[in-house]
Protein chains: 2
Amino acid sequence: MSSRGRPVATSHAQIEAAAFRLFAERGFESVTMADIAAEVGVGRRTLFRYFESKNDIPWGQFASTLDGFRAILAETPDDVPLAEAVQRAVLAFNEYPADAYPPHRDRMRLILETPALQAHSVLRYAEWRAVIAEYVASRCGLLPTDTLPRTVGSVSLALAISAYEGWLAVPDSDLATLLDETMASLRGYLS
Amino acid sequence: MSSRGRPVATSHAQIEAAAFRLFAERGFESVTMADIAAEVGVGRRTLFRYFESKNDIPWGQFASTLDGFRAILAETPDDVPLAEAVQRAVLAFNEYPADAYPPHRDRMRLILETPALQAHSVLRYAEWRAVIAEYVASRCGLLPTDTLPRTVGSVSLALAISAYEGWLAVPDSDLATLLDETMASLRGYLS
DNA sequence: CACAGTAATGGCACTCGACGCCAAAAAGAT
DNA sequence: ATCTTTTTGGCGTCGAGTGCCATTACTGTG
(Lines give C-alpha, C1' and ligand atoms only; values in the text may rest on other atoms or scores of the structure.)
Protein backbone atom coordinates (compact mmCIF):
# COMPACT_ATOMS: atom_id res chain seq x y z
CA MET A 1 0.00 0.00 0.00
CA SER A 2 2.97 2.31 0.43
CA SER A 3 4.66 1.55 -2.89
CA ARG A 4 2.24 2.78 -5.45
CA GLY A 5 2.81 5.18 -8.24
CA ARG A 6 5.99 5.75 -10.18
CA PRO A 7 9.09 4.58 -8.32
CA VAL A 8 11.62 7.09 -7.14
CA ALA A 9 14.49 7.83 -9.48
CA THR A 10 17.14 8.52 -6.85
CA SER A 11 17.72 9.04 -3.15
CA HIS A 12 19.15 11.63 -0.79
CA ALA A 13 22.22 9.48 -0.31
CA GLN A 14 22.85 9.12 -4.02
CA ILE A 15 22.50 12.82 -4.65
CA GLU A 16 24.78 13.61 -1.74
CA ALA A 17 27.42 11.22 -3.01
CA ALA A 18 27.35 12.63 -6.51
CA ALA A 19 27.39 16.19 -5.22
CA PHE A 20 30.35 15.63 -2.91
CA ARG A 21 32.25 14.02 -5.75
CA LEU A 22 31.77 17.12 -7.89
CA PHE A 23 32.40 19.54 -4.99
CA ALA A 24 35.73 17.83 -4.32
CA GLU A 25 36.68 18.12 -7.97
CA ARG A 26 35.63 21.65 -8.77
CA GLY A 27 34.67 23.35 -5.53
CA PHE A 28 31.21 24.08 -4.19
CA GLU A 29 30.61 27.35 -6.03
CA SER A 30 31.44 26.17 -9.49
CA VAL A 31 29.19 23.14 -9.40
CA THR A 32 25.67 23.94 -10.55
CA MET A 33 22.50 22.10 -9.72
CA ALA A 34 22.36 21.14 -13.39
CA ASP A 35 25.79 19.54 -13.04
CA ILE A 36 24.65 17.49 -10.08
CA ALA A 37 21.46 16.49 -11.82
CA ALA A 38 23.44 15.27 -14.81
CA GLU A 39 25.84 13.36 -12.55
CA VAL A 40 22.98 11.64 -10.79
CA GLY A 41 21.18 11.06 -14.06
CA VAL A 42 18.03 12.81 -13.02
CA GLY A 43 16.18 15.99 -13.91
CA ARG A 44 17.28 19.27 -12.36
CA ARG A 45 13.76 19.85 -11.17
CA THR A 46 13.84 16.61 -9.23
CA LEU A 47 16.85 17.68 -7.15
CA PHE A 48 14.78 20.45 -5.64
CA ARG A 49 12.29 17.88 -4.42
CA TYR A 50 15.01 16.12 -2.46
CA PHE A 51 16.85 19.17 -1.16
CA GLU A 52 15.34 22.55 -0.52
CA SER A 53 18.43 24.27 -1.83
CA LYS A 54 21.94 23.62 -3.03
CA ASN A 55 23.15 24.80 0.37
CA ASP A 56 21.20 22.03 2.06
CA ILE A 57 22.91 19.20 0.24
CA PRO A 58 26.02 19.14 2.44
CA TRP A 59 23.78 18.96 5.49
CA GLY A 60 22.25 15.66 4.46
CA GLN A 61 19.60 14.48 6.88
CA PHE A 62 20.73 16.74 9.71
CA ALA A 63 17.20 17.60 10.75
CA SER A 64 16.39 13.97 11.50
CA THR A 65 19.50 13.56 13.68
CA LEU A 66 18.06 16.20 16.00
CA ASP A 67 15.62 13.65 17.39
CA GLY A 68 18.63 11.67 18.53
CA PHE A 69 20.00 14.79 20.15
CA ARG A 70 16.73 15.33 21.99
CA ALA A 71 16.77 11.71 23.11
CA ILE A 72 20.29 12.00 24.50
CA LEU A 73 19.27 15.00 26.56
CA ALA A 74 16.02 13.42 27.70
CA GLU A 75 17.86 10.35 28.98
CA THR A 76 20.26 12.37 31.08
CA PRO A 77 19.52 11.94 34.80
CA ASP A 78 18.35 15.12 36.48
CA ASP A 79 21.03 14.93 39.15
CA VAL A 80 23.73 15.63 36.58
CA PRO A 81 24.55 19.35 36.83
CA LEU A 82 23.02 21.31 33.99
CA ALA A 83 26.23 22.46 32.34
CA GLU A 84 27.65 18.97 32.48
CA ALA A 85 24.49 17.46 31.05
CA VAL A 86 24.62 19.82 28.09
CA GLN A 87 28.32 19.30 27.54
CA ARG A 88 27.91 15.50 27.61
CA ALA A 89 25.03 15.65 25.17
CA VAL A 90 27.03 17.79 22.77
CA LEU A 91 29.87 15.28 22.97
CA ALA A 92 27.55 12.33 22.41
CA PHE A 93 25.81 14.03 19.50
CA ASN A 94 29.13 14.52 17.76
CA GLU A 95 30.37 10.99 18.26
CA TYR A 96 30.64 9.17 14.98
CA PRO A 97 31.62 5.58 14.29
CA ALA A 98 35.23 5.32 13.15
CA ASP A 99 34.26 4.27 9.63
CA ALA A 100 32.26 7.45 9.16
CA TYR A 101 35.29 9.55 9.96
CA PRO A 102 36.57 10.74 6.58
CA PRO A 103 33.15 11.57 5.15
CA HIS A 104 32.19 13.46 8.29
CA ARG A 105 35.41 15.41 8.19
CA ASP A 106 34.91 16.27 4.52
CA ARG A 107 31.40 17.38 5.20
CA MET A 108 32.36 19.61 8.10
CA ARG A 109 35.29 21.05 6.21
CA LEU A 110 33.03 21.93 3.31
CA ILE A 111 30.44 23.51 5.59
CA LEU A 112 32.89 25.44 7.72
CA GLU A 113 35.14 26.66 4.92
CA THR A 114 32.65 27.66 2.23
CA PRO A 115 31.28 31.16 2.84
CA ALA A 116 27.88 30.45 1.34
CA LEU A 117 27.56 27.40 3.59
CA GLN A 118 28.83 29.18 6.70
CA ALA A 119 26.04 31.65 6.17
CA HIS A 120 23.40 29.05 5.46
CA SER A 121 24.44 27.07 8.53
CA VAL A 122 22.86 29.61 10.84
CA LEU A 123 19.46 28.50 9.70
CA ARG A 124 20.27 24.82 10.25
CA TYR A 125 21.89 25.47 13.62
CA ALA A 126 18.84 27.35 14.82
CA GLU A 127 17.02 24.06 15.34
CA TRP A 128 20.04 22.62 17.14
CA ARG A 129 20.16 25.61 19.48
CA ALA A 130 16.44 25.27 20.07
CA VAL A 131 16.91 21.68 21.24
CA ILE A 132 19.36 22.87 23.90
CA ALA A 133 17.21 25.84 24.83
CA GLU A 134 14.19 23.57 25.34
CA TYR A 135 16.17 21.24 27.57
CA VAL A 136 17.60 24.05 29.68
CA ALA A 137 14.17 25.61 29.92
CA SER A 138 12.56 22.39 31.09
CA ARG A 139 15.25 21.80 33.70
CA CYS A 140 15.03 25.34 35.05
CA GLY A 141 11.29 25.86 34.82
CA LEU A 142 11.74 28.62 32.26
CA LEU A 143 10.55 29.28 28.74
CA PRO A 144 12.86 28.35 25.84
CA THR A 145 12.82 32.01 24.87
CA ASP A 146 14.06 33.25 28.23
CA THR A 147 17.56 34.62 28.54
CA LEU A 148 19.31 31.66 30.13
CA PRO A 149 18.07 28.91 27.79
CA ARG A 150 18.65 31.05 24.72
CA THR A 151 22.08 32.07 25.86
CA VAL A 152 23.15 28.52 26.71
CA GLY A 153 22.02 27.42 23.26
CA SER A 154 23.98 30.14 21.50
CA VAL A 155 27.10 29.72 23.58
CA SER A 156 27.07 25.94 23.25
CA LEU A 157 26.89 26.34 19.52
CA ALA A 158 29.75 28.83 19.51
CA LEU A 159 31.87 26.41 21.51
CA ALA A 160 31.04 23.48 19.28
CA ILE A 161 31.92 25.39 16.12
CA SER A 162 35.10 26.64 17.71
CA ALA A 163 36.05 23.08 18.59
CA TYR A 164 35.26 21.89 15.08
CA GLU A 165 37.51 24.57 13.63
CA GLY A 166 40.35 23.33 15.76
CA TRP A 167 39.54 19.77 14.77
CA LEU A 168 39.82 20.64 11.10
CA ALA A 169 43.00 22.62 11.60
CA VAL A 170 44.88 19.85 13.37
CA PRO A 171 45.01 16.46 11.63
CA ASP A 172 44.34 13.44 13.85
CA SER A 173 42.99 15.58 16.67
CA ASP A 174 40.16 14.31 18.80
CA LEU A 175 36.92 16.26 18.70
CA ALA A 176 35.83 15.24 22.18
CA THR A 177 39.09 16.46 23.66
CA LEU A 178 38.81 19.71 21.76
CA LEU A 179 35.26 20.28 22.95
CA ASP A 180 36.43 19.88 26.52
CA GLU A 181 39.41 22.14 25.96
CA THR A 182 37.26 24.81 24.39
CA MET A 183 34.90 24.70 27.34
CA ALA A 184 37.88 24.87 29.70
CA SER A 185 39.21 27.87 27.78
CA LEU A 186 35.95 29.67 28.31
CA ARG A 187 35.86 28.85 32.01
CA GLY A 188 39.39 30.12 32.39
CA TYR A 189 38.54 33.29 30.51
CA LEU A 190 35.56 34.04 32.72
CA SER A 191 37.30 33.49 36.05
CA MET B 1 41.57 67.18 -8.54
CA SER B 2 39.32 64.75 -6.78
CA SER B 3 36.07 65.78 -8.41
CA ARG B 4 36.50 64.94 -12.02
CA GLY B 5 34.34 62.80 -14.16
CA ARG B 6 30.62 62.34 -14.03
CA PRO B 7 29.16 63.21 -10.61
CA VAL B 8 27.65 60.48 -8.48
CA ALA B 9 23.94 59.91 -8.85
CA THR B 10 23.22 58.78 -5.30
CA SER B 11 24.81 57.79 -2.00
CA HIS B 12 24.88 54.88 0.41
CA ALA B 13 22.69 56.82 2.82
CA GLN B 14 20.10 57.62 0.19
CA ILE B 15 19.90 54.05 -1.01
CA GLU B 16 19.63 52.80 2.56
CA ALA B 17 16.82 55.23 3.33
CA ALA B 18 14.85 54.27 0.23
CA ALA B 19 15.40 50.58 0.87
CA PHE B 20 14.29 50.73 4.51
CA ARG B 21 11.19 52.61 3.48
CA LEU B 22 10.26 49.82 1.07
CA PHE B 23 11.27 47.03 3.45
CA ALA B 24 8.99 48.51 6.10
CA GLU B 25 6.12 48.65 3.64
CA ARG B 26 6.39 45.31 1.92
CA GLY B 27 8.94 43.24 3.80
CA PHE B 28 12.51 42.47 2.84
CA GLU B 29 11.86 39.50 0.60
CA SER B 30 9.27 41.07 -1.60
CA VAL B 31 11.29 44.17 -2.40
CA THR B 32 13.47 43.65 -5.44
CA MET B 33 16.63 45.48 -6.32
CA ALA B 34 14.72 46.91 -9.28
CA ASP B 35 12.15 48.33 -6.85
CA ILE B 36 14.85 50.02 -4.81
CA ALA B 37 16.54 51.37 -7.89
CA ALA B 38 13.26 52.87 -9.07
CA GLU B 39 12.62 54.38 -5.62
CA VAL B 40 16.06 55.98 -5.60
CA GLY B 41 15.71 57.02 -9.22
CA VAL B 42 18.82 55.29 -10.38
CA GLY B 43 19.73 52.31 -12.55
CA ARG B 44 19.54 48.85 -11.06
CA ARG B 45 23.09 48.22 -12.13
CA THR B 46 24.26 51.19 -10.10
CA LEU B 47 22.94 49.75 -6.84
CA PHE B 48 25.40 46.91 -7.13
CA ARG B 49 28.24 49.41 -7.21
CA TYR B 50 27.17 50.82 -3.85
CA PHE B 51 26.28 47.54 -2.12
CA GLU B 52 27.78 44.17 -2.86
CA SER B 53 24.42 42.51 -2.43
CA LYS B 54 20.86 43.16 -1.38
CA ASN B 55 21.72 41.51 1.93
CA ASP B 56 24.39 44.11 2.58
CA ILE B 57 22.06 47.09 2.42
CA PRO B 58 20.74 46.73 5.98
CA TRP B 59 24.32 46.61 7.22
CA GLY B 60 25.13 50.05 5.94
CA GLN B 61 28.57 51.22 7.00
CA PHE B 62 29.21 48.40 9.43
CA ALA B 63 32.66 47.59 8.08
CA SER B 64 33.91 51.10 8.73
CA THR B 65 32.60 51.09 12.30
CA LEU B 66 34.97 48.25 13.07
CA ASP B 67 37.88 50.67 13.19
CA GLY B 68 36.09 52.39 16.06
CA PHE B 69 35.74 49.02 17.75
CA ARG B 70 39.46 48.38 17.36
CA ALA B 71 40.20 51.81 18.78
CA ILE B 72 38.03 51.22 21.84
CA LEU B 73 39.91 48.02 22.58
CA ALA B 74 43.30 49.58 21.92
CA GLU B 75 42.61 52.36 24.38
CA THR B 76 41.71 50.01 27.20
CA PRO B 77 44.40 49.98 29.90
CA ASP B 78 46.16 46.66 30.21
CA ASP B 79 45.44 46.41 33.92
CA VAL B 80 41.75 45.93 33.23
CA PRO B 81 41.08 42.19 33.41
CA LEU B 82 40.69 40.66 29.96
CA ALA B 83 37.06 39.61 30.23
CA GLU B 84 36.10 43.00 31.59
CA ALA B 85 37.98 44.79 28.85
CA VAL B 86 36.14 42.83 26.19
CA GLN B 87 32.78 43.28 27.87
CA ARG B 88 33.31 47.04 28.18
CA ALA B 89 34.33 47.34 24.56
CA VAL B 90 31.26 45.43 23.41
CA LEU B 91 29.13 47.78 25.49
CA ALA B 92 30.84 50.87 24.11
CA PHE B 93 30.58 49.61 20.54
CA ASN B 94 26.85 49.21 20.91
CA GLU B 95 26.21 52.58 22.47
CA TYR B 96 24.26 54.82 20.17
CA PRO B 97 23.17 58.42 20.60
CA ALA B 98 19.56 58.67 21.71
CA ASP B 99 18.42 60.19 18.43
CA ALA B 100 19.72 57.19 16.50
CA TYR B 101 17.60 54.87 18.56
CA PRO B 102 14.60 54.07 16.37
CA PRO B 103 16.61 53.58 13.17
CA HIS B 104 19.10 51.36 14.98
CA ARG B 105 16.29 49.30 16.43
CA ASP B 106 14.61 48.95 13.05
CA ARG B 107 17.87 47.92 11.50
CA MET B 108 18.61 45.29 14.12
CA ARG B 109 15.08 43.97 14.02
CA LEU B 110 15.29 43.57 10.27
CA ILE B 111 18.66 41.83 10.48
CA LEU B 112 17.74 39.53 13.35
CA GLU B 113 14.29 38.58 12.15
CA THR B 114 14.80 38.04 8.43
CA PRO B 115 16.14 34.55 7.73
CA ALA B 116 18.16 35.59 4.68
CA LEU B 117 19.78 38.34 6.73
CA GLN B 118 20.40 36.14 9.75
CA ALA B 119 22.33 33.87 7.45
CA HIS B 120 24.21 36.64 5.72
CA SER B 121 25.13 38.17 9.06
CA VAL B 122 27.61 35.42 9.78
CA LEU B 123 29.86 36.80 7.10
CA ARG B 124 29.66 40.33 8.49
CA TYR B 125 30.13 39.17 12.07
CA ALA B 126 33.26 37.29 11.11
CA GLU B 127 35.19 40.56 10.94
CA TRP B 128 33.74 41.63 14.28
CA ARG B 129 34.81 38.37 15.88
CA ALA B 130 38.24 38.77 14.36
CA VAL B 131 38.65 42.16 16.04
CA ILE B 132 38.06 40.56 19.41
CA ALA B 133 40.24 37.58 18.61
CA GLU B 134 43.11 39.88 17.66
CA TYR B 135 42.79 41.83 20.88
CA VAL B 136 42.67 38.72 23.05
CA ALA B 137 45.59 37.26 21.14
CA SER B 138 47.71 40.38 21.62
CA ARG B 139 46.95 40.53 25.34
CA CYS B 140 47.76 36.86 25.86
CA GLY B 141 50.70 36.51 23.52
CA LEU B 142 48.78 34.08 21.31
CA LEU B 143 47.79 33.92 17.68
CA PRO B 144 44.31 35.12 16.70
CA THR B 145 43.66 31.62 15.40
CA ASP B 146 44.44 29.92 18.70
CA THR B 147 41.65 28.39 20.71
CA LEU B 148 41.22 31.04 23.38
CA PRO B 149 41.04 34.13 21.13
CA ARG B 150 38.78 32.39 18.65
CA THR B 151 36.52 31.08 21.38
CA VAL B 152 36.25 34.44 23.12
CA GLY B 153 35.33 36.02 19.80
CA SER B 154 32.61 33.48 19.10
CA VAL B 155 31.19 33.50 22.58
CA SER B 156 31.18 37.29 22.79
CA LEU B 157 29.23 37.37 19.58
CA ALA B 158 26.78 34.78 20.84
CA LEU B 159 26.20 36.83 23.98
CA ALA B 160 25.77 40.06 22.06
CA ILE B 161 23.21 38.55 19.71
CA SER B 162 21.41 36.97 22.62
CA ALA B 163 21.25 40.35 24.34
CA TYR B 164 20.00 42.02 21.18
CA GLU B 165 17.22 39.46 20.88
CA GLY B 166 16.11 40.31 24.39
CA TRP B 167 16.36 43.99 23.58
CA LEU B 168 14.06 43.59 20.60
CA ALA B 169 11.63 41.41 22.51
CA VAL B 170 11.14 43.86 25.38
CA PRO B 171 10.19 47.43 24.46
CA ASP B 172 12.09 50.16 26.30
CA SER B 173 14.71 47.75 27.60
CA ASP B 174 18.29 48.86 27.93
CA LEU B 175 20.84 47.07 25.80
CA ALA B 176 23.75 47.68 28.18
CA THR B 177 21.81 46.15 31.06
CA LEU B 178 20.86 43.18 28.91
CA LEU B 179 24.43 42.60 27.84
CA ASP B 180 25.47 42.49 31.49
CA GLU B 181 22.60 40.22 32.39
CA THR B 182 23.41 37.87 29.56
CA MET B 183 27.01 37.68 30.68
CA ALA B 184 25.83 37.09 34.26
CA SER B 185 23.56 34.31 33.02
CA LEU B 186 26.49 32.61 31.42
CA ARG B 187 28.66 32.93 34.51
CA GLY B 188 25.87 31.49 36.61
CA TYR B 189 25.41 28.62 34.19
CA LEU B 190 29.09 27.72 34.26
CA SER B 191 29.51 27.75 38.01
C1' DC C 1 -5.07 -8.38 -20.16
C1' DA C 2 -7.05 -3.91 -20.02
C1' DC C 3 -8.01 -0.17 -17.22
C1' DA C 4 -8.34 2.92 -13.39
C1' DG C 5 -5.72 5.03 -9.60
C1' DT C 6 -1.54 6.99 -7.81
C1' DA C 7 2.72 9.17 -7.14
C1' DA C 8 7.16 10.66 -8.75
C1' DT C 9 9.39 12.68 -12.64
C1' DG C 10 11.11 16.22 -15.55
C1' DG C 11 10.50 19.72 -19.01
C1' DC C 12 9.16 24.64 -19.58
C1' DA C 13 8.71 29.18 -18.36
C1' DC C 14 9.47 32.66 -15.10
C1' DT C 15 11.45 35.65 -11.28
C1' DC C 16 15.25 37.52 -9.07
C1' DG C 17 20.09 38.26 -7.51
C1' DA C 18 24.47 39.03 -9.30
C1' DC C 19 28.10 40.01 -12.72
C1' DG C 20 30.81 41.29 -17.07
C1' DC C 21 30.92 44.36 -20.78
C1' DC C 22 30.68 48.68 -22.92
C1' DA C 23 28.73 52.80 -24.89
C1' DA C 24 26.92 57.07 -23.28
C1' DA C 25 26.73 60.92 -19.99
C1' DA C 26 28.66 64.56 -17.37
C1' DA C 27 31.73 66.73 -15.34
C1' DG C 28 36.90 69.18 -14.98
C1' DA C 29 41.33 70.37 -17.39
C1' DT C 30 43.93 72.32 -21.27
C1' DA D 1 36.18 73.03 -28.43
C1' DT D 2 38.43 69.02 -27.32
C1' DC D 3 40.59 65.71 -24.20
C1' DT D 4 40.48 63.13 -19.96
C1' DT D 5 38.33 61.12 -16.26
C1' DT D 6 34.78 58.91 -13.80
C1' DT D 7 30.25 57.33 -13.07
C1' DT D 8 26.24 55.72 -14.95
C1' DG D 9 23.05 52.45 -16.76
C1' DG D 10 21.47 49.44 -20.38
C1' DC D 11 22.08 44.74 -22.22
C1' DG D 12 23.09 40.03 -22.01
C1' DT D 13 24.07 36.07 -19.29
C1' DC D 14 24.29 32.75 -15.57
C1' DG D 15 22.48 30.21 -11.75
C1' DA D 16 19.20 29.36 -7.78
C1' DG D 17 14.67 28.56 -6.90
C1' DT D 18 9.46 27.92 -7.97
C1' DG D 19 4.83 26.98 -10.11
C1' DC D 20 2.58 24.40 -13.49
C1' DC D 21 1.46 20.29 -15.80
C1' DA D 22 1.85 16.56 -19.01
C1' DT D 23 4.24 12.23 -18.84
C1' DT D 24 5.85 8.04 -16.94
C1' DA D 25 5.88 3.91 -14.34
C1' DC D 26 4.33 1.63 -11.10
C1' DT D 27 0.09 -1.15 -8.11
C1' DG D 28 -4.27 -3.01 -7.67
C1' DT D 29 -8.74 -4.47 -9.49
C1' DG D 30 -12.23 -6.54 -12.51
Side-chain angles (χ1 to χ4, degrees), chain A residues 1-16 18-20 22-23 25-59 63 110-111 114-124, chain B residues 1-16 18-20 22-23 25-60 110-111 114-124:
Chain A
M1 51 174 281
S2 57
S3 63
R4 308 235 331 219
R6 178 172 173 167
V8 297
T10 181
S11 66
H12 287 86
Q14 197 190 340
I15 294 172
E16 248 181 85
F20 271 91
L22 294 178
F23 294 158
E25 274 174 28
R26 277 180 267 162
F28 182 79
E29 304 290 359
S30 41
V31 174
T32 71
M33 286 299 264
D35 293 336
I36 301 171
E39 179 82 4
V40 177
V42 88
R44 191 183 96 98
R45 189 65 184 78
T46 299
L47 284 196
F48 286 101
R49 293 212 179 81
Y50 283 78
F51 292 94
E52 277 186 30
S53 72
K54 182 183 170 188
N55 288 338
D56 280 307
I57 296 179
W59 283 92
L110 187 64
I111 290 174
T114 305
L117 294 177
Q118 286 170 21
H120 182 74
S121 299
V122 183
L123 307 178
R124 291 278 81 92
Chain B
M1 56 175 276
S2 57
S3 64
R4 289 190 44 169
R6 177 171 173 168
V8 298
T10 183
S11 65
H12 287 87
Q14 197 191 341
I15 293 171
E16 246 181 83
F20 270 91
L22 295 177
F23 293 159
E25 273 174 29
R26 277 179 268 161
F28 182 80
E29 304 291 358
S30 42
V31 174
T32 71
M33 286 300 264
D35 293 336
I36 300 171
E39 179 82 3
V40 178
V42 88
R44 194 183 97 99
R45 189 65 184 76
T46 300
L47 285 196
F48 286 100
R49 292 211 178 82
Y50 283 80
F51 292 94
E52 279 186 29
S53 70
K54 182 184 170 188
N55 288 337
D56 279 306
I57 296 180
W59 283 91
L110 188 63
I111 291 174
T114 306
L117 295 177
Q118 286 170 19
H120 182 74
S121 299
V122 183
L123 307 177
R124 291 276 83 88

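Note that this is a predicted model, so its numbers are computed, not measured. Proteins come first, then strands; the chains are lettered A, B, ... in the order of their sequence lines, and each starts at number 1.
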**OP:** Could you check whether B:Gly43 gets within reach of a base, just the sugar-phosphate, or nothing at all, counting any heavy atom under 4.0 Å?
**Re:**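 Sugar-phosphate, backbone atoms only, no base.
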
**OP:** Pick base, sugar-phosphate or nothing for A:Thr32, based on heavy-atom distances below 4.0 Å to the nucleic acid.
**Re:**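 A:Thr32: backbone/sugar contact only, no base atoms under 4.0 Å.
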
Nearest-Å distance, [atom1] ([X]) to [atom2] ([N])?
X: A:Phe51; N: D:dG15; atom1: CZ; atom2: P; answer: 21 Å
X: B:Leu123; N: C:dA18; atom1: CG; atom2: C1'; answer: 15 Å
X: A:Asn55; N: D:dG15; atom1: CG; atom2: P; answer: 16 Å
X: A:Ile36; N: C:dG10; atom1: CD1; atom2: P; answer: 15 Å
X: B:Glu52; N: C:dG20; atom1: CD; atom2: C1'; answer: 16 Å
X: A:Lys54; N: C:dG17; atom1: NZ; atom2: C1'; answer: 14 Å
X: B:Phe48; N: C:dC21; atom1: CZ; atom2: P; answer: 17 Å

Residue-phosphate contact under 4.0 Å: [X] side-chain N/O, [N] OP1/OP2:
X: B:Thr46; N: D:dT8; value: no
X: A:Ser3; N: D:dT27; value: no
X: A:Tyr50; N: C:dT9; value: yes

Original post:
Of all heavy-atom pairs between A:Met33 and A:Leu47, which one has the smallest distance, and what is that distance?
Top reply: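 Between these two residues, the closest heavy atoms are O-CD1, 3.4 Å.
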
**OP:** For A:Phe28 and A:Thr114, work out which heavy atoms get closest and say how close.
**Re:**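 The pair with the smallest heavy-atom distance is CD2-CG2, 3.7 Å.
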
Subject >> Along DNA chain C (nearest heavy atom to each residue), the more 5'-positioned of B:Met33 and B:Arg6 >> reply: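 Of the two residues, B:Met33 wins.
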
Original post:
With nearest nucleotides of DNA chain C determined for B:Arg44 and A:Gly41 from heavy-atom distances, which residue corresponds to the more 5′ nucleotide?
Top reply: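 Closer to the 5' end of DNA chain C: A:Gly41.
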
**OP:** Answer yes or no: is there a donor N or O on one side and an acceptor on the other, between the side chain of A:His12 and the main chain of A:Tyr50, under 3.5 Å?
**Re:**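 Yes; at least one donor-acceptor contact below 3.5 Å.
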
Choosing from [options], which nucleotide comes nearest the side chain of [X]?
X: A:Arg45; options: C:dC19, C:dG11, D:dA16; value: C:dG11
X: A:Arg49; options: D:dC26, D:dC21, D:dT18; value: D:dC21
X: B:Arg4; options: C:dT9, C:dG17, C:dG28; value: C:dG28

Original post:
Could you go step by step and tell me if B:His120 and B:Ile111 meet the side-chain contact (heavy atoms from CB on, under 4.5 Å) rule?
Top reply: CA-CA 9 Å; B:His120 182 74; B:Ile111 291 174; over 6 Å; no

**OP:** Determine, step by step, whether A:Lys54 and A:Thr32 satisfy the side-chain contact (heavy atoms from CB on, under 4.5 Å) criterion, reporting the C-alpha distance in whole Å, the side-chain angles of both residues, the deciding distance to 0.1 Å, and the verdict.
**Re:** CA-CA 8 Å; A:Lys54 182 183 170 188; A:Thr32 71; 5.9 Å; no

